[in-house]
Amino acid sequence: MADGYDGAARLARLAMRLDGPRGALPALFAFTDPERTPDPVQLALALPPGAGLVLRTFGQPELEAIAGDLADIARAQGLIFLVAADPGLAARCGADGVHWPERMLAQAGLTRFALSTASAHSPGAIRRAGGRVDAVFVSPAFASSSPSAGRPLGLWRMAAAARRSPCPVYALGGVNAMNVRRLCGLGISGAAAIDGLKR
């Protein structure tokens, strides 16, 4: 187990208990963040087989440079690897697909990858994303330390959105091993985390 992410395997096991449809998709996705996951390679090595990893570079060249290494690790460890907001980089490094931020939803579905996901921060965005991608990450599910996180959507709004969504709905934002249990029975397909992987 890579040092610093000893909560990843536990969170993956707990996410497997969520009851929403997900088909062959992972129950747990890990998202990188330039500030909160300074070593994405260490994170990738800590993830259990079958998990997903989303690289978010935010335009930082040093993170783009390791995309190929992450793709290699993902193949070796049986992970699903997505690159956020950059289909060109995803194609060059051999990623499994692209993750789209909500602001780029219009581009979702315009590129050909095995897998495409998106983030959504409101019921309307969830509806718009649902017909374009294979899964949607709804955030923030819980109070989050992310600087961009707004007020949590609330469990009942998330459950209602999951019931109406044509694709699997994942909870993102503030998700950890303590609160992921609260998502059981709501039709949520899986969990996605950043800080929650560390404990």
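Everything numeric in this text was worked out from a predicted model, so none of it was measured.
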Pair up each side-chain donor or acceptor in residues 93-108 with any protein partner under 3.5 Å, not counting sequence neighbours, and list the distances.
unit_1	atom_1	unit_2	atom_2	d
Asp96	OD2	Phe81	N	2.8
His99	ND1	Thr117	OG1	2.7
His99	NE2	Ser119	OG	2.9
Trp100	NE1	Ser116	OG	3.3
Glu102	OE1	His121	N	2.6

Per-pair distances, 0.1 Å, donor-acceptor, side chain in residues 156-173, under 3.5 Å, sequence neighbours excluded:
unit_1	atom_1	unit_2	atom_2	d
Ser165	OG	Cys167	N	3.2
Ser165	OG	Cys167	O	2.7
Tyr170	OH	Pro26	O	2.4

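Across every non-hydrogen atom of Asn176 and Gly196, the tightest pair is CB-CA, 4.0 Å. The two residues Ala141 and Val175 have their closest heavy-atom pair at CB-CG2, 4.3 Å. Closest of all the heavy-atom pairs between Tyr5 and Gln42 is CE1-OE1, 3.6 Å. The minimum heavy-atom distance between Leu79 and Ala44, with the atom names listed, is CD1-O, 3.7 Å. Taking each heavy atom of Ile194 and Phe31 in turn, the nearest pair found is CG1-O, 3.4 Å. Residues Asp134 and Ala114 share a closest heavy-atom pair of OD2-O, 4.0 Å.
Every residue meeting the side chain to side chain contact (heavy atoms under 4.5 Å, CB included) condition with Arg182, not counting sequence neighbours, appears here in chain and number order: Phe142, Leu155, Asn179. Considering only residues two or more places apart in sequence or on other chains, Arg56 meets the salt bridge (Lys or Arg N to Asp or Glu O under 4.0 Å) condition with Asp33. Under the rule for a side chain to side chain contact (heavy atoms under 4.5 Å, CB included), the partners of Ser122 that lie at least two apart in sequence or sit in another chain are Ala125. Under the side chain to side chain contact (heavy atoms under 4.5 Å, CB included) criterion, Ala12 pairs with Leu28, Pro48, not counting sequence neighbours. Under the rule for a side chain to side chain contact (heavy atoms under 4.5 Å, CB included), Asp19 has no partner lying at least two apart in sequence or in another chain.
To the nearest 0.5 Å, atom OG1 of residue Thr37 and atom CG of residue Leu53 are 8.5 Å apart. In this structure, CZ in Arg36 is found 10.5 Å from CG in Leu197, a value given to the nearest 0.5 Å. Separating the CZ atom in Arg92 from the CG atom in Leu89 is a distance of 5.0 Å, to the nearest 0.5 Å.
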Practice problem: Go through the steps for Leu18 and Val180 under the test side-chain contact (heavy atoms from CB on, under 4.5 Å), then give the verdict. | Solution: CA-CA 9 Å; Leu18 300 180; Val180 71; 4.3 Å; yes
Practice problem: Just do the side-chain contact (heavy atoms from CB on, under 4.5 Å) check on Val41 and Leu70 with the steps written out, would you? | Solution: CA-CA 6 Å; Val41 168; Leu70 293 175; 4.0 Å; yes
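Formation of a donor-acceptor pair under 3.5 Å by the Arg181 side chain with backbone atoms of Ala177 is found in this model. The closest donor-acceptor contact from the side chain of Arg132 to the backbone of Leu110 lies at 3.5 Å or more, if one exists at all.
Linking Ile, Leu, Val, Met, Phe, Trp and Tyr whenever their side-chain heavy atoms come within less than 4.5 Å leaves Ile188 and Val133 in two separate clusters. When hydrophobic clusters are built by joining Ile, Leu, Val, Met, Phe, Trp and Tyr residues whose side-chain heavy atoms come closer than 4.5 Å, directly or via intermediates, Ile80 is grouped together with Val54. In the hydrophobic cluster analysis, where Ile, Leu, Val, Met, Phe, Trp and Tyr join through side-chain heavy atoms closer than 4.5 angstrom, Leu25 is grouped apart from Val136. At a threshold of 4.5 Å between side-chain heavy atoms, the hydrophobic network of Ile, Leu, Val, Met, Phe, Trp and Tyr places Leu55 and Phe29 in two separate groups. Cluster membership for Phe137 and Leu43, using ILVMFWY side-chain heavy atoms within less than 4.5 angstrom, is not shared.
Residues in residues 37-70 take part in no ring pair (Phe, Tyr, Trp, His ring centres under 6.0 Å) pair, two or more places apart or across chains. Here side chain to side chain donor-acceptor pair (under 3.5 Å) pairs that include residues 66-81, with residues two or more places apart or in two chains, are Asp72-Arg75.
Clustering of Ile, Leu, Val, Met, Phe, Trp and Tyr by side-chain heavy atoms under 4.5 Å joins Met178 with none of the others.
Residue Glu62 qualifies as enclosed at atom CD: its count of foreign heavy atoms under 6.0 Å is above 12.
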